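Working notes, structure below.
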Amino acid sequence: MRNRLHLSIALAALIPASFLILFFVWPVGAMLWRGISDPAGGLLEVLTLPRTWNITRQTIGMAVAATAGSLLLGIPGAFALYRLRFPGRNILRAIATMPFVLPTVVTGVAFRALLDAKGSLGFLGLDQTVTAVVIAMVFFNYGVVVRTVGNLWASLDPQDEAARTLGATPFQAFYTVTLPQLGPGIAAAGGLVFLFCSTSFGLVQTLGRPGYGTLESEIYVQTTAYLDLATAAGLSAIQFAIVIAALLVSNLLSKRTDATLRVRDNVSRPARRRDLPIITGTVAVIAVLILAPLSALVLGSLRAGGEWSLHNYQVLARTGAGFSGGTSVLQALEHSLRIALDAAVVSVIVGVLVALLLSRRPQTARWIRAQQLLDGFVLLPLGVSAVTVGFGFLITWGRLPNFNAALLVPLAQAVVALPLVVRSLVPVLRAIDPRMREAAATLGASPARILATIDLPLLVRGLGLAFGFAFAISIGEFGATSFLASPDYQTLPVLIGKLLGRPGVDNYGMALAGGVILALLSGGVMTLADLLRPRSVTKGIS
């Protein structure tokens, strides 16, 4: 029986391992090797160019500025939304975290609508500036800080109250008692935000001024405009090093958080009069930073020629001006739905196998190490830019003569979505009491029967959330898809980016309308997936 179990585990591990080796390790490894080894414009050549260092400084500088802004606004928001109880708090929490589930191209087009010369804040002159990109990054990551720091803050032992009874001012109590406890959590959240900001390809493409580059946008330009794959590979190696460094620092700080924080059950308290300024400030930040651009996107899509109109939606069946043999928004939407469906199916199939393996509680040190290795292996795509994945696909699978190019986009999107699929399924399966499996095995049930009667019924309950994650990520994916989508089979995010980059009133209006549709689709899918999420798995099993 034990040999059969080990054989089943080995065969189950072979499929996801092969998938990641073929569609992640090989493409990314080939890209890195090309960047390091190519003598004609590879890494060594790229490092000697002044433009490389300018772009690297721009990339890091924008990420640092956006990280600082996210922390500056997010920490007070974390206190207000997780430490205090007041009417409307749950609604504000939902709004604060909503931007993170939106595609980056939707964020970009929303800020274009707000900061454009005809937008509500057009008088500020921020359209297509570095400041606009940084603000959009803060918009995208504000909820990350609020949720990460807030969850920790809500569980901290409230020693600051004791400090105040001893005569400390609120600031002294926070600075001397609370901040040292929150410090590692704040640093970990900052590391994650820096990682996301340094790989915000979609925001830079849709919001930045033409010619102002980050590493990812420069990789795209060198690949698509100049066909200089050697230089692009060298830049990808630099970008990969920055991402890995940020990921390592974030993981290190997260471990420090787990080791140093003293937590209790949720200890949020009713809001008092003295909390009114921080609550008011949080509401103002959410209104200006989050609701204003999203409202500008919706309202802008309903205006044409200075009047309220549905014209921008009525022309969605046409191709944009200046496109030769272009794709209409409705056609791109159909393409996106098909590709996202394929990608979601692939990532869920692979993710189910991984989750089944990671949810087991092995008894031997060898199996524990193997499980840890598989867990880290599956999470690798989460720490690598989608642009890097797309470029790797381009120089590996894209050059095979007999490989169907139409499969490239859904496979690349499946790689990007896989880590979150696994992370949504593992907690559901780990809630199963292992004694149930042991009892079934003692009664003579085979591994296949144990899987069918114990694991699968609960697994089905978690598939809705996993599929929703994969579908929403895939339908809004921009980085890898921008490299791989063929001109006659564009996806909606890629087409929106192209519409924004070409002059024409209808082009801009169609981009706004397409952004609204994409936001509603991705947000609706995630909302539905959350409704399908199992909420009392442990209780139902124990």
Side-chain angles (χ1 to χ4, degrees), residues 95 97-114 116 136 139-140 143 200-207 290-291 293-303 310 312-320 323 326-344 386 409-410 412-413 416-417 420 467-482 484-485 489-502 506-530:
I95 296 174
T97 56
M98 179 174 57
F100 195 69
V101 304
L102 294 177
T104 55
V105 70
V106 171
T107 302
V109 72
F111 273 89
R112 284 288 293 271
L114 181 67
D116 181 72
F139 163 94
F140 203 74
S200 292
F201 175 68
L203 295 181
V204 176
Q205 286 294 100
T206 54
L207 271 176
I290 298 177
L291 293 180
L294 294 178
S295 299
L297 172 63
V298 175
L299 295 177
S301 71
L302 296 173
R303 292 188 66 85
L310 293 176
N312 294 328
Y313 292 90
Q314 293 169 343
V315 298
L316 292 183
R318 307 178 192 170
T319 58
F323 292 87
T327 301
S328 71
V329 171
L330 293 183
Q331 289 173 328
L333 175 61
E334 180 187 357
H335 301 163
S336 291
L337 291 172
R338 290 181 178 179
I339 292 172
L341 180 61
D342 292 340
V409 176
Q413 291 182 356
V416 174
L420 291 180
F467 188 87
F469 264 128
F471 188 87
I473 291 169
S474 299
I475 202 166
E477 206 286 316
F478 185 75
T481 309
S482 61
L484 302 174
Y489 206 75
Q490 300 286 334
T491 63
L492 185 52
V494 173
L495 181 60
I496 289 173
K498 291 188 174 183
L499 287 170
L500 286 175
R502 294 189 181 243
D506 277 354
N507 283 353
Y508 182 68
M510 290 163 64
L512 295 179
V516 171
I517 293 173
L518 188 58
L520 291 175
L521 187 58
S522 58
V525 168
M526 286 305 303
T527 301
L528 180 61
D530 188 61

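Remember, it's a predicted structure, so these values are computed and weren't measured experimentally.
Under the side chain to side chain contact (heavy atoms under 4.5 Å, CB included) criterion, Ala113 pairs with Ala296, Tyr508, Leu512, not counting sequence neighbours. In terms of the side chain to side chain contact (heavy atoms under 4.5 Å, CB included) criterion, residue partners of Pro99 (sequence neighbours excluded) are, by chain and number, Phe139, Ile290. Remark: Ser328 engages Gln331 in a side chain to side chain donor-acceptor pair (under 3.5 Å) (not counting sequence neighbours). Scored by the side chain to side chain contact (heavy atoms under 4.5 Å, CB included) test, Ala417 finds Ser347, Ala470, Ile473, Ser474 as partners (sequence neighbours excluded). Among residues two or more places apart in sequence or in another chain, the side chain to side chain donor-acceptor pair (under 3.5 Å) test is passed with Gln314 by none. Annotation: side chain to side chain contact (heavy atoms under 4.5 Å, CB included) contacts of Val101 (sequence neighbours excluded): Met526.
Note that OG1 of Thr491 is 10.0 Å distant from CG of Leu484, once rounded to the nearest 0.5 Å. The line from NE2 of His335 to CG of Leu492 is 11.0 Å long, rounded to the nearest 0.5 Å. Taken from CD1 in Ile496 to CD in Gln205, the straight-line distance is 14.0 Å, to the nearest 0.5 Å. Taken to the nearest 0.5 Å, the CG atom of Leu310 stands 12.5 Å off from the CZ atom of Arg303.
Of all the heavy atoms in Val416 and Ala386, the pair that sits closest is CG2-CB, 4.2 Å. Heavy atoms only, all atoms of each residue included: Phe467 and Ala344 are closest at CE1-CB, 3.5 Å. Across every non-hydrogen atom of Phe140 and Leu102, the tightest pair is CE1-O, 3.3 Å. Minimum heavy-atom separation, Gly143 to Thr97: O-CG2, 4.1 Å.
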Step-by-step side chain to side chain contact (heavy atoms under 4.5 Å, CB included) determination, Thr206 to Val109 = CA-CA 7 Å; Thr206 54; Val109 72; 6.0 Å; no
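Contact check for Thr104 versus Phe201: no side-chain heavy atoms found under the 4.5 Å cut-off. In this structure, the side chains of Leu521 and Leu337 come closer than 4.5 Å at one or more pairs of heavy atoms. The side-chain heavy atoms of Tyr313 and Val516, taken from C-beta on, include a pair separated by under 4.5 Å. In this structure, the side chains of Leu294 and Met98 come closer than 4.5 Å at one or more pairs of heavy atoms. Between Thr327 and Thr319, every side-chain heavy-atom pair lies at or beyond the 4.5 Å cut-off. In this structure, the side chains of Tyr489 and Ile339 come closer than 4.5 Å at one or more pairs of heavy atoms.
Between the side chain of Asn312 and the backbone N or O of Ser301 there is at least one donor-acceptor pair closer than 3.5 Å. Without hydrogens or angle criteria, Thr481 side chain to Phe478 main chain gives no donor-acceptor distance under 3.5 Å.
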